[in-house]
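Structure, as structure tokens:
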Amino acid sequence: MSDGNQGGINLKVVGSRPVRPDGVDKVTGRAQFGADFHLPGMLTGRIKRSPHAHARILKIDASAALALPGVKAVVTSSDFASDATGEIEAGEGHAAIQEIAANCLAKGRVLYQGHAVAAVAATQPEIADEALELIEVTYEVLPHVIDVEAAMAADAPVLHEDMFTKGVTPKPAHASNVAAKHVMGRGDVAAAFNAADLIVEGRYETAAVHQGYIEPHACVASWGADGQSTIWCSSQGQFVIRAMVAKILNMPLSDIKVIPAEIGGGFGGKTTVYLEPVALALSRKCGRPVKIVMSREEVFLASGPTSGAVIDVRLAVRKDGRITGAELTLKYQAGAFQGSPVNLGLMTAFACYDVEALALTGYDVVSNRPKVAAYRAPGAPMAAFAVESAIDDLATRLGMDPIDLRILNAVRDGAKTVYGATVKHAALVETLEAIKASPHYQAPVAKGCARGVAAGFWFNVGGESSAAVHVDEDGGVTVVSSNPDIGGSRASMAMMAAETLGLPIERVRCTVADTTSIGYSGVTGGSRVTFATGMAVVEAAQKVVADLKRRAAATWECDVAMVEWKDGAATCTDPSKDVKPLSIKALAGKSAKTGGPIAAEVSLNAQGAAAGYGVHVCDLQIDAETGRSMVTRYTAAQDVGRAIHPAYVEGQLQGGAAQGIGWALNEEYVYGKSGLLENAGFLDYRMPVASDLPMIDTILVEAKPNPRHPYGAKGVGEVPIVPPLAAVGNAVSRIVGRRMSSLPLSPAKVLAAMGK
Amino acid sequence: MSAVDYLAPSSVADAVRALHAAGPAARLMAGGTDLLVQMRGGRAKPKVVIDLKRIPALTGVRQEAGGFVIGAATSGAMLGEHAALKAAWPGVVEAANLIGSTQVQGRASLGGNLCNASPAADSVPALIAAGAVCVIEGPAGVRELAVEHVQTGPGKTSLSADEILVAFRLPVRPARSGDAYLRLIPRTEMDIAVVGAGVSVALDSAGICTAARVSVGAVAPTCLLVEAAGAALVGTKVDEAALSKVEVAVAAACRPISDKRGTAEYRTKVASVLARRAAVIAKERASA
Amino acid sequence: MSRTVVNAMVNGEPVEFLAGGGQSLLDALRDELRLTGSKEGCGTGDCGACSVIVDGRLVCACLMLAPEAEGKRIETIEGLADNGHLHPLQHQFLEQAALQCGFCTPGLLMAAKALLDRNPDPTESEVRYWLAGNICRCTGYDKVVRAVMDAAADLRQSERPR
Amino acid sequence: MTSIAARVADFTGGLCTFEVDARTVRSLLRELEARFPGLGEHVEQEMSLAIDGEIFQDALGAEIGAESEIVLIPKIAGG
């Protein structure tokens, strides 16, 4: 469903649903993902990992492994550059390169089970496996700490002796696991609570959850004798992989070519390196290409989940339902190294609501878990779970419709966010109204079911992107994108180029270039590709149009101002010229005679990404004797600006909702007493399967196209994972008859809460 | 994974000989859906894998003297497609068909499910409730053993190292009898049972229960035959009072652990609930 | 290492390859035959990305030993299109945007084919339970289920006598 | 100018709101570095700015008005 408001633009391609240019390869098995590359002489790499949650590495003895026939190289952290410094933009923030390196191969200490200690390259997988067992690592096991509040305790085992809490004045005297304390706020919170008619409060917990991409991390690295190297890998950004590998191995960027493979899902989790520097270090040692592919167990043990969190929230409310003040404390797990997305949790928590006084505190806390990585709207879903649950409690206490309560408090254009941005082009109210008017919300709740609603916010970002548009000699067009296509972006890039050039979509193809073939681009993340890389595509296409017009004017010997570009052809508006339109095909065929090949590349740093808002409604039923929940109906509405390819936008809403439902009901990292992960596999991690879900209806709200984007696009990928935790939780709480504040809402927890 | 020899004997005798020759380095494979996972995770490191699926006696379903003989390596999918078996022992078939995905159904077998000796094996409570008997062959010959006597603990069975489970015998289905199996998993599919319960009942013409067997899984080191629960149904119309007694008997028999899949308390509660529900379904089937 | 020669029919063509006794069919397909369309998402039969059809039966190639393939008929994603003509399932997946990253897609297509081979008119619920062994993390399954149901309708239409 | 990020307080000795005289982001960073050594570089490397409600990332040339309100915020990326 589209809410219209096309702003008078007559769009032919944007808004349609063509087949994606890479589609056939992906339905025939021809698409090459990270593990699908084979090179002559290629070796198999394997990684030796810590069996302990926390231990000092006393000694690594690889002599027996190296003596095994077929073993070509072994590397440890000493093979990484010791003087590598600097920061790299990736995922949810900046991480010191030394920490990324130490996460790829442990230095001195292992900080979680599965932490990489050494790696081996051998001629056969079986030999590599045997060699791993022959690498002897001597550990001194140290006390461990897993949970966030336990890690914050004064007597907790400290992971990093040099970590002193940032953001505390004066600087603390003792090292601790609290990497930083963040404070944010405005207004007179105490006064708001003093004047409140009603105070709602609660304490919430969410579990660490994994992105759950189906493709395990995989790469092939090949070192050249002159240092020039090539890496094939599936990632969310070939340029960021190049930058990290270069710094960790102390190489010039121009010596590394990263060729992006197709990527089998990422959701933020493939914005950093785990294998690539290790594989290249191995290749450097033995001069042969090395392939490393993680097992699923390794993915769970050693690649980024997102933070589990403990959250306290208080709302000060007037009796008419207006929220006048709020306090929020977020404690986020960072994993073994600092850098949880707690900042983003603070910034997004109340972003849907116009609340005058806010006092927000966040703690970034390390513990003996894998280092967190970005996961779809990093930091936002947990904070939203707490806030949207509290608002649901408020609606119950006031006897108000939960949508009406949210409309009453919703941000509108001109409102000021806590982080300093002014709300612009926001369609939250329209999205709430769209849900309210939806067939789902209008239908009565089925017998034995309950309904929950929740809203969510994500910033969406812009940033650095590059794209090229090449006109072929026959008038067809190739778009060169700088971002891996994680969910159909080749289609939207080709569509925006086709729209700009006035071509049918079938005449435009799109490819994703390696690091040597296009200008720099940031990661495929932050819901930025359609917006920022799309802007580069459109600007490149506009340059091509300008060039085509110039060539037409030269052909006609008229002023270029008298040339119009329409439907893929130049027409002359000079009444003195009796000429027929020149199609792109005609112009391209004569390009050699009018100045040479027709192509344009644009690199830019896109500012002005518009935020997105989502509202979800969930109906579910619970088996009262077993506590098992089943989602029976689900609708997701979102402020999308303008949908370039509506089917893929719907897909983002549906996929995000499904991930959020899994987060709410079943997914979690389960640790035993010894600090070891007990469910490092799909079997016991329990992501939603097809029979767990109903159809997920979507409403694309196009009431406020983004004026900063040529076709009005807003980022859409991340918002949809923000509302489901509370939408599900609110429905469960309604049936249980009390607030369910701890995720996941497993059958045992629900049954216990039902008093059975 | 180091070198593994793959053997695919075509007779039980050949398989017994191969097993005897290879000793503890050998693992028998039916569907392989547990064994390959264990090999992949390094928890099983066999030197010899003996594939049983090429032995005619181990695959397929035969009707004999009114009962059924099910080859131990017969896949769940084949059981589900056997109309007569499904009509006679719906509980056994539905339990077998709950194991894993469609893909796993194409491979996983009753024999493998039993001999993998997981207390959470879905088909085992249903087989126990049905009164199924194992046909076991070894160097010393053939013997028969009730299913409830096979598992002795997690991963352990009473079969000796050189014996092979060849087939299951399901008895003649009495008139006015029925069976059912239910399990609890957090998702709708793909999980290991947190709790499972199988019930088989026979009624007389007046609807009075004349025989009943109740078995529960994932609540003790092995799947349990809860004789007291069966006894609670005999002589009743499987009414509320009798079902309450089943719940009490099942709860009393449970000795579960708390683990990543569920707490002991939860398992005990839900085992009672599932046993009652399965008894109601079994009774409905018996009355139909 | 002890390796045995395996002869099988893969996508209608006879193949011969060397298999280790402990090697999975998936590794043989990918590494020996270079049929990399079947994917490894877990190696434990939980995700379905390696789904292939063996003698008409849907299986996870990671849960079958390569030597077991001796004498078997194996269908993989590489054989789903017929001489360059897409199968109706492939068409519908493309038309309905039923894939995002595309990694689980080969397994989903093979699983869906196995369903439609035996049930030409499945209900939504039958589709969902049949495909429960194929995890997709991108789509939330909505468009996948619709694509399978519409492909079933296409197949019924094309097979109806005129 | 206001900051909502933890580390800024480390540089400013706890000060959260202050006045700065600058016309572009580049001169603002220079000014911050002069007043609180290390802060200018920290902001350039790790932070974004909201200038009168509009978020800017890596935009050294962006202009700042005489009465502009600037908020230093953590860099926003995403998944």
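A, B, ... follow the sequence lines: proteins, then strands. Residue 1 opens every chain.
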Can you tell me which of B:D5, B:V104, B:V49, B:L35 forms the most heavy-atom pairs within a distance under 4.5 Å of chain C? B:D5
In terms of heavy-atom pairs under 4.5 Å with chain C, which of B:A8, B:G32, B:A77, B:G100 leads? B:A77
Side chain to side chain, C:L65 and B:M29, heavy atoms closer than 4.5 Å: yes
Side chain to side chain, C:E70 and B:R54, heavy atoms closer than 4.5 Å: yes
With chain B as the partner, which of C:G20, C:A114, C:C60 has the greatest number of non-hydrogen pairs under 4.5 Å? C:C60
Scanning both residues in full, the closest heavy-atom pair of B:Y6 with C:P67 reads CD2-CB, 3.3 Å
Can a salt bridge be assigned to the pair [X] and [Y] using a cut-off of 4.0 Å between side-chain N and carboxylate O?
X	Y	result
B:E81	C:R118	yes
C:E40	B:R40	yes
B:K53	C:E68	yes

How many angstroms lie between [atom1] in [X] and [atom2] in [Y], if you round to the nearest 0.5 Å?
X	Y	atom1	atom2	answer
C:T44	B:L36	OG1	CG	11.0 Å
C:L58	B:S101	CG	OG	7.5 Å
C:W130	B:Q105	CH2	CD	9.5 Å
C:L63	B:Q103	CG	CD	9.5 Å

Per-residue contact mode, C:T4 against chain B (heavy atom under 4.5 angstrom): neither
Given that the side chain runs from C-beta out, which part of B:D51 has a heavy atom under 4.5 Å from chain C: side chain, backbone, both or neither? side chain
Looking at B:K156, I want to see if its NZ is surrounded by more than 12 non-hydrogen atoms of other residues, nucleotides or ligands under 6.0 Å. no
